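Before any comments, here is the structure.
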Number of protein chains: 2
Amino acid sequence: MCKDNKRGEKYGPEKCECPSGRMTRFTEPCLLFFLAKKPSYGYELMDKLEQFGFTEGKPDPAMIYRTLRYLEKEGFVKSKWDTGGTGPAKRNYKITAEGVDLLHGWARSIRQRKEVLDKFIARYKKYFKGKMPKFQYSSLLLTF
Amino acid sequence: MCKDNKRGEKYGPEKCECPSGRMTRFTEPCLLFFLAKKPSYGYELMDKLEQFGFTEGKPDPAMIYRTLRYLEKEGFVKSKWDTGGTGPAKRNYKITAEGVDLLHGWARSIRQRKEVLDKFIARYKKYFKGKMPKFQYSSLLLTF
DNA sequence: ATCATCTATGTACAAATAACATATAGGTGT
DNA sequence: ACACCTATATGTTATTTGTACATAGATGAT
C-alpha cells in the first residue's frame, strides 16, 4: 500500500491521490476456502492468504482472528484448542456444512464481481486503446 | 441486495448469512470513466452506473454527489452550473488531466483485483469440481 | 536463569466507507 | 394549487477495516 495514503479520508480535509489498498471483503471467502480444503488455525491461515494478494507484511492479524471468531459465532466454522505440537496452543478450525454453503455463496458473488470488473476493463481498454499512458500511480496494490 | 441482510453488522448481535451486496469502492472509477468519455452531471451519471451492476433501484444519490464533490475538491474534475435546457439547473462536470491519471491508476488496480478474483475462482472450481451444489444463497447481487 | 525472539491469539480504539433518511427547489402537466 | 419529476445536497448512522497494543508459552543464546 502507498505509504502516504491519506486519501481514504474522502470526506475530510486530507489529500492524497492514491486509492487505499484494501482487500475489501475478501478475507472471509479466502478463510472459508482454505478451511474447506484443510483444518487450520489463524497464524497459519495468515501465511496462506498471501497466495491471494495479501502481501503487505502479512494480512492484519486482527482481521483474521476477528473473522474466524465471527464465523464460529455464526456456526460456519468450529474450533478446538490444540495444545499438542511445538509453541503456544493453537485454536484449530474446521469448516461446517453451513460454512461450505456460505463459501459457495461467496464464490457466486465473486464471479459476478469479476464479471463487472471485466466489463469495466474491456470498456476502459476500448476507449483508451492507443493512448495508453505510463502510469502515474504505479506502486499500488489492490484497491478494492 | 438481500432484503433481510443484517449480516453487515458482523461484530454486533445481528444474524443473517448473506453477504452485504455493496458496490464497494467502485463508484469513483466508474464516474471517472464516464466523465473521461463525455462531460455529464450527477443525475445522468446515476443512470449510467447501472451499466456496471449498480442495479438496485439506482445507486445512492448521496454516493454520487459526494464522490463528485470530492473529486472536484481534489482537482480530478471541474464543474459549471448549466442553467440552459429543461428542468432544474445541472452541475456539469468535466474530467481534468489529473482525473484521467487517476482513472488510469484505478484501471490498474481493478485489473489486479480482477486477477486475484480469477485466481480465487480457478482454485475454487478445481477443488469443488464435480461436487458443485445448488446454491443456497441464490439471489445475491454483488458482494464486494 | 533472564533475556530476546518467535509463535500464537486476542482486545481497544480510531479511521474509512457506505447506507439511510431527509431537505431544498425549479419545472411540467392537470 | 397540486402532484410529480428532475436535480442537487447534507446529516446521521451503520458497517468495515486499520492501527496499536496486550498477553503468553516455547526456544535458544549469553
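Small disclaimer: the values here were computed from a predicted structure and weren't measured. Residue numbers start from 1 in every chain, and the chains themselves are labelled A, B, ... in the order their sequence lines are given, proteins ahead of strands.
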Exercise for review: Could you tell me whether the phosphate oxygens of D:dA9, OP1 or OP2, come under 4.0 Å of any side-chain nitrogen or oxygen in B:R91?
Suggested key: yes
Check your understanding: Given that B:E44 and A:T86 both sit by DNA chain D, which one's nearest nucleotide is further toward the 5' end?
Key -> B:E44
Check your understanding: How would you label the contact of B:A89 with the nucleic acid (heavy atoms, under 4.0 Å): base, sugar-phosphate, or nothing?
Key -> sugar-phosphate
Review point. Given atom CE of A:M63 and atom C1' of D:dC21, what is their separation to the nearest angstrom?
Key: 18 Å
Check your understanding: Can you find a heavy atom in the side chain of B:F120 that is under 4.5 Å from one in the side chain of A:P29?
Key -> yes
Study note, to complete from the structure: Whichever of B:G87 and B:R69 has the more 5' nearest nucleotide on DNA chain D, that residue is B:G87
Review point. Is B:R66 near enough to C:dA19 that one of its side-chain N or O atoms lies under 4.0 angstrom from OP1 or OP2?
Key: no
Review point. Between A:G42 and B:A62, which is nearer to the 5' end of DNA chain C once each is assigned its nearest nucleotide?
Key: A:G42
Review point. Can you tell me how far P of D:dA24 sits from CH2 of A:W81, to the nearest Å?
Key: 12 Å
Review point. To the nearest angstrom, how far is A:K90 atom NZ from C:dG10 atom C1'?
Key: 16 Å
Check your understanding: Is there side-chain contact between A:F34 and A:F52, with at least one heavy-atom pair below 4.5 Å?
Key -> yes
Check your understanding: Over how many whole Å does the gap from A:M46 atom CE to C:dT7 atom P extend?
Key -> 9 Å
Practice item. Please assess A:T67 against A:E28 for the test side-chain hydrogen bond (donor to acceptor under 3.5 Å, both in side chains), listing each intermediate value before the final yes or no. Key: CA-CA 6 Å; A:T67 304; A:E28 183 177 308; over 6 Å; no
Practice item. Look at the side-chain N and O atoms of A:Y41 and state whether any lies under 4.0 Å from the OP1 or OP2 oxygen of C:dA8. Key: yes
Study note, to complete from the structure: Whole-Å distance, B:E72 CD to D:dA9 C1', equals 14 Å
Check your understanding: If you measure from the Lys or Arg side-chain nitrogens to the Asp or Glu carboxylate oxygens, is any gap between B:R91 and B:D82 under 4.0 Å?
Key -> no
Review point. Do any side-chain nitrogens or oxygens of B:Y65 fall under 4.0 Å of OP1 or OP2 in D:dA9?
Key: no
Check your understanding: When the distance from OH of B:Y43 to C1' of C:dG26 is rounded to whole Å, what number comes out?
Key -> 13 Å
Revision key, fill the gap. Tightest non-hydrogen contact, residues B:L71 and B:L32, listed as CD1-CD2, 4.0 Å
